[in-house]
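Below is one structure, written out as structure tokens; the observations come after it.
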Amino acid sequence: MDLGTFLWTTFAVFLTMATFSFLYKDNPFYKFAEHLVVGVSAGYFVVILWFNGLIPNLFQRLADGDWYLLWLNSSKPWYIIPAILGIMMWARFSKKYAWLSRWPMALYIGISTGLAIPLTMSNQVNKQLYATMVKIDWAHFFGHGSFNLLDTTSGFSQLIIFVGTIASLIYFFFSKAHKGVFGAVAKFGIWTLMIGFGASFGFTVMARISLFINRMQDVKDWGKVAFNYSGNNQNYSVWFPIVFWLFILFVIAYIIYEIGYYLRSRTNKA
Amino acid sequence: MNLKLIVIFLLMLCLGSFALAETNTVNKDSTAVDSIAPPAPVTMFKAFDTPNDHGHSITLNWQLSADDGAGQNSVLQYQIYRWVPYLMDSLTTLRKAMTTVKEEEIKRGHEKVLKKEMRSLKKEYNAVLKELPSAHKAYPNNGYWKEVGKVPAGTKSYKNTGSKEKESQDYLPDLTDFYYRVDAVTKDSTVRASSKVFGPVQCSGQWFNTGRIPVLVAVILFTFLTIYFVEKAKNGAKLYVRPLSGIEAVDDAIGRATEMGRPILYILGLGSVADIATIASFTILSRVAKQVAEYQTELLVPTYDPLVMAVAQEVVKSAYLDAGRPDDYKEDTVHFVTQSQFAYVAAVNGIMLRELPATNIYMGVFFAESLILAETGALAGSIQIAGTDQIAQIPFFIVACDYTLIGEELYAASAYLGREPLLLGSLKAQDYAKALVIILAIIGLIMSNFGWTQFTDLFKVAN
């Protein structure tokens, strides 16, 4: 690892720690990491939009036209229309012409909603309804081979899924108060949903823990490469501990500042 | 002398046996090749325009070769060939030339010479394209058979789908004559049997996908229900909507923020302006902004999407106007942060800890950031109300927020808060549609278990 790589990986580790410092409280390290990532991402997305959006989707498609003819002589002149709509969005900066920006927005929302209606109806209503009308596997009602209530393809599971679906749908019925038998079915519905949510929660928490472990492994590997001078680490450089101890000094200085701040605030209160 | 004769005889014998061995080897090999007899060709081969598509696709069907899985059992795969006129090669050459010029243009900037060259190439390309149908009609002259795909033994159909883009390498023009054949191929690729040539066949796009009729029926039915209930609501009918605790808490939360003198943080999520959850969230934002304006509390709306920001600004502005306090509206109430998911989260977390909002409202589309946001809000001691239609994120809001609107409750909330006939009517229509779905599902289950699949097939939707 050369010094340049070391500095950048150290910086990455520093940013990891700075982000985790948020668990203690808001502090200058977290603020630095936050502002850095927000600023970098905003700048990054401008470049991405320019090179992956505007250039290939607009400029290159109009490229065979001439600017003095407003690209109307290009082979795909219709691309000028979305370009104009995009420019109309900029009218927001003028108080007088701000209304112009509503046109492209209205068009965008209108088209998107129009596209979403058949798609939602197909995927979230028709297909799910069709999938619910299953033929119950009566032959293997309590499991395939042996008695097994956890067999997800058994007739019993199919029936549970069906009843759960119907009960959950009833929970989302807003025109009737959840009372009596209707309320009991709705309660069963919300219980079904909660069981599903619990499983989903556990699954995602496991995934997050694995992300955390991954990050900590990175930190550990960084330490191994940087400070293992006793072993056969030919990448070791004297600069590594110097940068590291500077960083530690920095943190200690902040802790002292925090303690001082705490003591001062106590004195002021008294 | 005798000895010499014997040695010569033995040498000749050796050489002869070597030669014999070699000949035998050759014979053995040739016997191995010849042992594969040509398989039987596929039968009932036909090609037709792929139904219910946008065109540029031909479907081929055939009956398996008699030697596929039976007979000699020697068929390993089927190779599909399309007759292609030489003119297609001219198109490929021109396409390559255009790509080179385009690359050069990017490198050197838009030079006039290159532009001119590109224009003339495109002109030539379009001229060749125009000749393409007549070239296909010239079958079997001026063309060759090109392999367009292969499928393993046991397969009875193949879809030859090309691109609709004229500049694309696999452009398959509509309304052009095509000729196909299928070869049954053995392990020795030279031993094969070709089917009869099928053609001419043309592909074209269809305006209507008959496989999606159930969707059309459902949309029409739902539209009628919506119109009916909207009209009913407009005529003053009292439409009951059961109370939602999460939504009733919004008023209390705004009151709490006013009493504490702290702002209200409203997060619209990561959805685009076209997402239904974001649209529902705008209605709730409008209601919140109106109350905030009346109580003169501060409202913070950091946004992820620039278009969502633009719409949210309009919504909040109108709400302040409705509340009779247009002068209190600040342009930076709704502001853009960034379009990077976790950078947005970092920024919103920072706002939560620095501004210490009394209430955090999360309504819209959320992804992995949901738990991070809600946990930070809980840490900051804010009252939190969330609502999303992202099933995977609801559990996180349930554990970290005080009130959560689950899925469709978010849409219902916008109707409940707004009390507008349009929203109430559509909510009622949704309820009746749900009741219909429940009834149909029960009937469908019974029918399916009695083997009457004709009923369930009515709801089958093609992709």
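The chains referred to below are lettered A, B, ... by the order of the sequence lines, with proteins before strands, and numbering in each begins at 1.
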Positions in residues 182-191 of chain A that reach chain B, provided some heavy atom is under 4.5 Å away:
A/Ile190
Side chain, backbone, both or neither: which part of B/Phe336 has an atom under 4.5 Å from a heavy atom of chain A?
neither
Count the heavy atoms belonging to other residues, nucleotides or ligands that lie under 6.0 Å from NZ of A/Lys76, then report whether that count exceeds 12.
yes
Candidates A/Tyr262, A/Tyr254, A/Tyr261 - the one meeting side-chain hydrogen bond (donor to acceptor under 3.5 Å, both in side chains) with A/Glu258
A/Tyr254
Any chance the side chains of A/Tyr79 and A/Asn57 put a donor and an acceptor closer than 3.5 Å?
no
Among A/Phe197, A/Tyr30, A/Phe174, A/Phe203, the residue with the most heavy-atom pairs under 4.5 Å to chain B is A/Phe174
Chain B interface, residue from A/Lys176, A/His178, A/Met194 that has the most non-hydrogen pairs under 4.5 Å
A/His178
Testing the basics here: between B/Phe367 and B/Gln341, what is the closest heavy-atom pair and its distance to 0.1 Å?
CB-NE2, 3.6 Å
Look at A/Thr113, A/Thr204, A/Ile117 and state which one has the largest set of heavy-atom pairs under 4.5 Å with chain B.
A/Thr204
What do you reckon, is OH of B/Tyr432 surrounded by more than 12 foreign heavy atoms closer than 6.0 Å?
no
Salt bridge check, B/Asp457 against B/Lys460: does any charged N sit closer than 4.0 Å to a carboxylate O?
no
Leading residue by heavy atom contact count with chain B [cutoff under 4.5 Å; candidates A/Ile111, A/Val134, A/Thr132]:
A/Val134
Do you know which of B/Leu244, B/Leu440, B/Ile438, B/Ile276 has the most heavy-atom pairs with chain A at a distance under 4.5 angstrom?
B/Ile438
Determine the option with the most heavy-atom pairs under 4.5 angstrom with chain A, choosing from B/Leu445, B/Asn349, B/Ile394.
B/Leu445
Are more than 12 heavy atoms, taken from residues, nucleotides or ligands other than B/Lys434, located less than 6.0 Å from that residue's NZ atom?
yes
Hey, does the side chain of B/Glu369 reach the backbone of B/Val345 with a donor-acceptor pair shorter than 3.5 angstrom?
no
B/Ser272 versus chain A, heavy atoms under 4.5 Å apart: side chain, backbone, both or neither?
side chain
Measure distances from B/Ile279 to the heavy atoms of chain A and classify the residue's part below 4.5 Å as side chain, backbone, both or neither.
side chain
Do the rings of B/Phe450 and B/Trp452 sit parallel, tilted or perpendicular, given the 30° and 60° boundaries?
parallel
At a 4.5 Å cut-off on heavy atoms, which part of B/Leu371 comes close to chain A: side chain, backbone, both, or neither?
side chain
With a 4.5 angstrom heavy-atom cut-off, which part of A/Asn123 approaches chain B: side chain, backbone, both or neither?
neither
With a 4.5 angstrom heavy-atom cut-off, which part of B/Val311 approaches chain A: side chain, backbone, both or neither?
both
For B/Lys166, does its backbone N or O pair with a side-chain atom of B/Tyr125 as donor and acceptor, under 3.5 Å?
yes
Short question: side chain of B/Asp389, backbone of B/Glu408 - any donor-acceptor pair under 3.5 Å?
no
Would B/Asp431 and B/Lys428 pass as an ion pair if we require N to O under 4.0 Å?
no
Pick whichever of B/Arg212, B/Arg354, B/Lys102 has the most heavy-atom pairs under 4.5 Å with chain A.
B/Arg354
Hey, could you give me the OG/CG distance between B/Ser426 and B/Leu225, rounded to the nearest 0.5 Å?
11.5 Å
Heavy-atom contact with chain A under 4.5 Å, split by part of B/Ile443
neither
Is there any residue in residues 16-27 of chain A with a non-hydrogen atom under 4.5 Å from a non-hydrogen atom of chain B, and which ones are they?
A/Phe22, A/Asp26
With distance as the sole test, does A/Ser200 use its side chain to make a donor-acceptor pair with the main-chain N or O of A/Gly196 at under 3.5 Å?
no
Counting a contact as any heavy-atom pair under 4.5 Å apart, which residues of residues 36-48 of chain A contact chain B?
A/Val37, A/Val38, A/Ser41, A/Ala42, A/Phe45
Evaluation steps, side chain to side chain contact (heavy atoms under 4.5 Å, CB included), between A/Leu119 and A/Leu115:
CA-CA 7 Å; A/Leu119 207 68; A/Leu115 283 170; over 6 Å; no
Would you confirm whether B/Arg242, through its side chain, and A/Phe173, through its main-chain N or O, come within 3.5 Å as a donor-acceptor pair?
yes
Chain A interface, residue from B/Ala310, B/Ala392, B/Ala415 that has the most non-hydrogen pairs under 4.5 Å:
B/Ala310
So, do B/Thr404 and B/Cys401 sit near enough that their side-chain heavy atoms are less than 4.5 Å apart?
yes
Which donor-acceptor pairs under 3.5 Å do side chains of residues 156-172 of chain A form with protein atoms, sequence neighbours excluded?
| unit_1 | atom_1 | unit_2 | atom_2 | d |
| --- | --- | --- | --- | --- |
| A/Ser157 | OG | A/Asp151 | O | 2.5 |
| A/Ser157 | OG | A/Ser154 | OG | 3.2 |
| A/Gln158 | OE1 | A/Asp137 | N | 2.8 |
| A/Thr165 | OG1 | A/Ile161 | O | 2.6 |
| A/Ser168 | OG | A/Gly164 | O | 2.7 |
| A/Tyr171 | OH | B/Glu409 | OE2 | 2.7 |

Do the ring planes of A/Trp99 and A/Tyr97 sit parallel (below 30°), tilted (30 to 60°) or perpendicular (above 60°)?
tilted
Greatest number of non-hydrogen atom pairs under 4.5 angstrom with chain A, of B/Lys122, B/Glu375, B/Met118, falls to B/Lys122
Side-chain touch A/Phe32/A/Leu15, heavy atoms, less than 4.5 angstrom
yes
When the 4.5 angstrom heavy-atom criterion is applied to B/Ala368 and chain A, the contacting part is both
Under 3.5 Å, is there a donor-acceptor pair between the side chain of A/Thr120 and the main chain of A/Ala116?
yes
